[in-house]
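Since the structure comes first, as structure tokens, the remarks are kept for the end.
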Amino acid sequence: MKAVQSMFNRESKGGLKVLFGISEYDEDNYAKSLDRAFIRLKKMKDENPLIPCTLLHTGFIRECDSCAGMGSQYSQYADEMKLLCDVCATKVEWGKKKGLWKHFSDFLRTKDVDLDRFQRPKTFEEIGECSRGRKGYTALIYADGNAMGKLIKQIKNKNDFHFFSQVVDEAITQACHEALYENCPPVKDVVPVKGVVPANILLLGGDDLLVYMSADHALEFAIEVSLKFTKKTQIRFSQNPFFNDILNGNGLTVSLGIAYAKTHSPFSHIFSQAEELLTSAKQAGAKDPAAQGFFSPSYIVFHITPQFNHLKVGHSRNNFLQKNGKNLKLYQKPYALKDAQCLLAHARRLLYANIPRTRLRRLGYTPFEDKMNGTLDFLKLYTRSEIGEQRTAIRNAMEYFGCVPNMPWKEPSGNTTDDRWTTTMITDLMEIAQFCNISTTDREGWDNVS
């Protein structure tokens, strides 16, 4: 293991650090061996914390253009010549030669995709330009498996542990590749915007996924990843008596956080928000009535930050999206997977009904007034819809999410602490609708979602 540590340190130029825990192996008591290894790993982590510290700077040496470390070499990337430190230069070279994109390219070859028709995006700005619903907006999707730690502790032997690790890793990778193929250009005969695929895979493996992509594809990509991951793990685990029994025939699930932002927003900010949203989604799944044993339903939480000075999602919600004095929440997040599917379907139906986008935006603004005035303004806009299909599209969305008869509000049930708020989903719906870009060919598939 010390040799492995040295190899990682050498190959990453000091950018990666490996920690480990070692336990005596006991075939008859594998679970205890695993617990001991985890405990010793935690001990090593506690004894070797990552402590932020000020880097050594001197006026005689220019800083790295990426991380503000000490620049040591020039590297050309995205038609720019940048001065990078050893660690960042190694990352760039690895990304050019190998990286996660190579595996996605290999997958596309199996689909007979002409790889000469598109290129990998070199900058976040290129991805934002591909957002056909709203230019310049992107999304960071962060996914993580549910109840994995609880399940691991029940594994009794090394063969089942190896099988579990292999299934999870393959399922998340395949789900990501297939969802990108189906929801982003180059999909079948769709020509990429300006020849660029509007997404980049930043992290993929184990039960983790981190993808940066154009805003118009983010929610449907997240939904497809969740559906495919659960289906693939269900099929594979049904072949193993131990996992089939302990999961009651279910597959594993993932929770997802989606942070929407403009392309010029600092990546560290939107990554922090995606982590916060993911945590919120996992907590919602754990509280779901359907959660039992080692099964936790998949939830999706999203948040839009039009200005990057709103750093924390919780702070933004407390200050701008709820009125504590009147117990009003101007959102209904988080959404279970089925509800997220329907939210996207209803957002598309609003556009199918040819409701002007200016009116949709005004509908989304109505909850920001007090409850009475917000209700009156919403009803004015609702009754002004000239075509019956437009009113029907709005009413169906309100009805599905419990916001009828007191449109656009859902009155509290009082069953739990979370149900003691008056909420509305109209803001969430309009947030998603603003990113949707539909065509007549899309309608048939989404009209079947109920």
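We count residues from 1, following the sequence as given.
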Worksheet item: Is NZ or CZ of Lys111 both nearer than 6.0 Å to the six-membered ring centre of Tyr181 and within 45° of the ring axis?
Response: yes
Backbone of [Y] reached by a side-chain donor or acceptor of [X] within 3.5 Å:
| X | Y | result |
| --- | --- | --- |
| Glu125 | His264 | no |
| Asn248 | Asn250 | no |
| Ser131 | Gly136 | no |
| Ser23 | Ser33 | yes |
| Ser226 | Ile223 | no |
| Lys329 | Thr423 | no |
| Arg40 | Ile22 | yes |
| Asp245 | Pro241 | no |
| Thr263 | Tyr137 | no |

Rounded distance [0.5 Å steps], [atom1] in [X] versus [atom2] in [Y]:
| X | Y | atom1 | atom2 | value |
| --- | --- | --- | --- | --- |
| His303 | Ile270 | NE2 | CD1 | 12.0 Å |
| Gln273 | Ser268 | CD | OG | 10.0 Å |
| Asp144 | Glu275 | CG | CD | 10.5 Å |
| Cys436 | Leu360 | SG | CG | 10.0 Å |
| Trp101 | Leu204 | CH2 | CG | 12.0 Å |
| Leu252 | Ser298 | CG | OG | 11.5 Å |

Practice prompt. Would you check if the distance from the ring center of Phe237 to the ring center of Phe242 is below 6.0 Å?
Written response: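 For Phe237 and Phe242, the ring centres are not under 6.0 Å apart.
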Worksheet item: Is the distance between the ring centroids of Phe435 and Tyr260 less than 6.0 Å?
Response: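 Yes, the ring centres sit under 6.0 Å apart.
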Using a strict cut-off of less than 4.0 Å between a Lys/Arg side-chain nitrogen and an Asp/Glu carboxylate oxygen, indicate whether [X] and [Y] qualify as a salt bridge.
| X | Y | answer |
| --- | --- | --- |
| Lys42 | Glu47 | no |
| Arg120 | Glu126 | no |
| Arg109 | Asp106 | yes |
| Lys232 | Glu170 | no |

Worksheet item: Using the ring of each side chain (for Trp, its six-membered ring), is Phe368 parallel, tilted or perpendicular to Tyr365, with breaks at 30° and 60°?
Response: perpendicular
Worksheet item: For the residue pair Phe267 and Tyr212, does the interplanar ring angle fall in the parallel (under 30°), tilted (30 to 60°) or perpendicular (over 60°) class?
Response: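 Tilted.
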Discussion item. Could you go through Asp160 and Lys156, starting from their C-alpha distance and side-chain angles, then the distance that decides it, and tell me whether this counts as salt bridge (charged side-chain N to carboxylate O under 4.0 Å, His left out)?
Written reply: CA-CA 7 Å; Asp160 284 342; Lys156 305 299 182 184; over 6 Å; no
If I compare all heavy atoms of [X] with all of [Y], which pair ends up nearest, and what's the gap?
| X | Y | answer |
| --- | --- | --- |
| His217 | Pro198 | CD2-CG, 4.1 Å |
| Asn200 | Pro121 | ND2-O, 4.1 Å |
| Val168 | Gly206 | CG1-O, 3.2 Å |
| Thr366 | Leu363 | OG1-O, 2.7 Å |

Discussion item. What verdict does the salt bridge (charged side-chain N to carboxylate O under 4.0 Å, His left out) test give for Glu220 and Arg348, after you've listed the backbone C-alpha separation in whole Å, the side-chain angles of each residue and the deciding distance to 0.1 Å?
Written reply: CA-CA 11 Å; Glu220 55 191 309; Arg348 287 172 172 252; 3.1 Å; yes
Practice prompt. Give the intermediate values and the outcome of side-chain contact (heavy atoms from CB on, under 4.5 Å) for residues Glu411 and Trp409.
Written response: CA-CA 6 Å; Glu411 297 301 336; Trp409 306 101; 4.2 Å; yes
Worksheet item: What's the verdict on side-chain hydrogen bond (donor to acceptor under 3.5 Å, both in side chains) for Asn244 and Ser238, showing C-alpha distance, side-chain angles and the deciding distance?
Response: CA-CA 5 Å; Asn244 186 59; Ser238 67; 5.4 Å; no
Item to complete: Walk me through it: do Glu431 and Arg361 pass the test salt bridge (charged side-chain N to carboxylate O under 4.0 Å, His left out)?
Response: CA-CA 9 Å; Glu431 285 178 344; Arg361 283 195 291 270; over 6 Å; no
Worksheet item: What do the steps show when you test Ser272 against Lys312 for side-chain contact (heavy atoms from CB on, under 4.5 Å), and what is the final call?
Response: CA-CA 8 Å; Ser272 175; Lys312 293 290 185 182; 3.9 Å; yes
Worksheet item: Would Tyr335 and Tyr299 count as a ring-ring contact (aromatic ring centres under 6.0 Å, His included) if you check the C-alpha gap in whole Å, the side-chain angles of each, and the deciding distance to 0.1 Å?
Response: CA-CA 6 Å; Tyr335 288 99; Tyr299 270 74; 8.9 Å; no
